[in-house]
J.: 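The structure's right below; bear with me while I get my questions together.
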Amino acid sequence: MSRHDALTARASLEPRRWRRDGWDAGLRFGAIVPHADIGPECELGAMAWPNVSVHAGRLYFSAMRAGGEMDETIPHAPVASFADAPYLDDAVEHLAASPLDVIGLAFTSSAYKHGSSGEQQLVERLAPRARGIPLTTTCLAAAAAFDALGSRRIALVNPPWFDADLDQAGARYFEEQSFNIVHHGPCGLPSGQRHITPDGLFSWIRKIVSDHRVDTVFIAGNGQRAVGIIDEVESTLGIRMVTANQLIFWHGLKLTGKSVEIRSYGRLFQTRF
């Protein structure tokens, strides 16, 4: 036997050391996102690794331009129409054709426009297009989280690109469900996704907590950078913090019934609902 043949034979008996390629994820999470928004995928991917893979479907949102640019405040008409049939329905059907375990709608403001009953009707409308895959939304998940956490005094911190009317609609969404919103308002940082930084958002939350004695702060808006500061807020300020993308991730995992370990990213992942 030649040296080459000997090496080949020995190699065939040794176990292969393949690198991870993502196919062995314990759970596959689908997300519908606005076409120019990378925020949900960034945050979901950070929380998901290495146990969950994230797969996004994009839906055109006319309030965003190439590069993720937006006006200082977003107009309401595109916000309301984002959830219209048949566009969202088709996007869900296309994403659900993949072998996924759950789908989250990564969009907060449309729920504000349609209210809690409208949001529930939306999920019921989309269910037949989802091929039996469970669906959740940011605000439905938020309500479930407030109950699971026993939240009594809630601050709602919206993105700076939400105007006063959209902010008020957000407060009304949760007040209609008897949640106690003791503060609501756009984040006091410059408008634009690139201007939301961990340092800036943490400082803003600390001010809100000091002024209003809240036990839970909800950072709304799936395009508002937030999950990286959850642990620091909870450990330093002694409150519970939930964020738009954290919420759909938590609620989506619960809906699957699968046990998936999520390292860090808030007390929420240690709760039941």
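Numbers here are sequence positions counted from 1.
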J.: Say you draw a straight line from OG of Ser151 to CZ of Arg240; how long is it, rounded to the nearest 0.5 Å?
T.: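 CZ of Arg240 is found 5.0 Å from OG of Ser151.
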J.: If the plane angle is over 60° it's perpendicular, under 30° parallel, otherwise tilted; pick one for Phe146 and Phe179.
T.: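 The rings of Phe146 and Phe179 stand perpendicular, inter-plane angle above 60°.
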J.: If we only count heavy atoms from C-beta on, is the Ile208 to His183 side-chain gap below 4.5 Å?
T.: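 Side-chain contact under 4.5 Å: yes.
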J.: Is it true that Asp167 and Tyr112 share a donor-acceptor pair across their side chains at a distance under 3.5 Å?
T.: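 No, no side-chain donor-acceptor pair sits under 3.5 Å.
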J.: Which residue is it: Gln224, Glu43, Arg225? I am looking for the one with a side chain to side chain donor-acceptor pair (under 3.5 Å) to Asn245.
T.: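 Checked Gln224, Glu43, Arg225 against Asn245; only one passes side chain to side chain donor-acceptor pair (under 3.5 Å): Glu43.
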J.: For side chain to side chain contact (heavy atoms under 4.5 Å, CB included), just list the numbers for Gln168 and His184, CA-CA rounded to whole Å, side-chain angles, deciding distance to a tenth of an Å, and then say yes or no.
T.: CA-CA 8 Å; Gln168 181 62 54; His184 61 90; 3.4 Å; yes
J.: State whether a side-chain donor-acceptor pair under 3.5 Å links Thr256 with Asp101.
T.: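 Side-chain D/A pair, Thr256 to Asp101: absent.
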J.: Salt bridge check: are Lys113 and Glu119 linked by an N-O gap of less than 4.0 Å?
T.: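 Judged by the 4.0 Å cut-off on N to carboxylate O distance, Lys113 and Glu119 do not form a salt bridge.
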J.: Go through it in stages, so that I can follow the logic: the residues are Gln193 and Asp37, the test is side-chain hydrogen bond (donor to acceptor under 3.5 Å, both in side chains), and I'd like the CA-CA distance, side-chain angles, deciding distance and then a yes or no.
T.: CA-CA 9 Å; Gln193 290 180 315; Asp37 190 356; 3.0 Å; yes
J.: For the CZ atom on Arg152, are there more than 12 heavy atoms of other groups (residues, nucleotides or ligands in this structure) within a distance under 6.0 Å?
T.: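 Not buried by this count: 12 neighbours or fewer within 6.0 Å.
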J.: Parallel, tilted or perpendicular: which fits the ring planes of Phe107 and Phe61, with parallel below 30° and perpendicular above 60°?
T.: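 Judged by the thresholds at 30° and 60°, the geometry between Phe107 and Phe61 is perpendicular.
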J.: Where the side chain of Arg129 meets the backbone of His94, is there a donor-acceptor pair that is under 3.5 Å apart?
T.: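 Between the backbone of His94 and the side chain of Arg129 there is no qualifying donor-acceptor contact (under 3.5 Å).
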J.: Within a 6.0 Å radius of atom CD on Glu72, are there more than 12 heavy atoms belonging to other residues, nucleotides or ligands?
T.: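 No - once you tally the heavy atoms of other residues, nucleotides and ligands closer than 6.0 Å, there are 12 at most.
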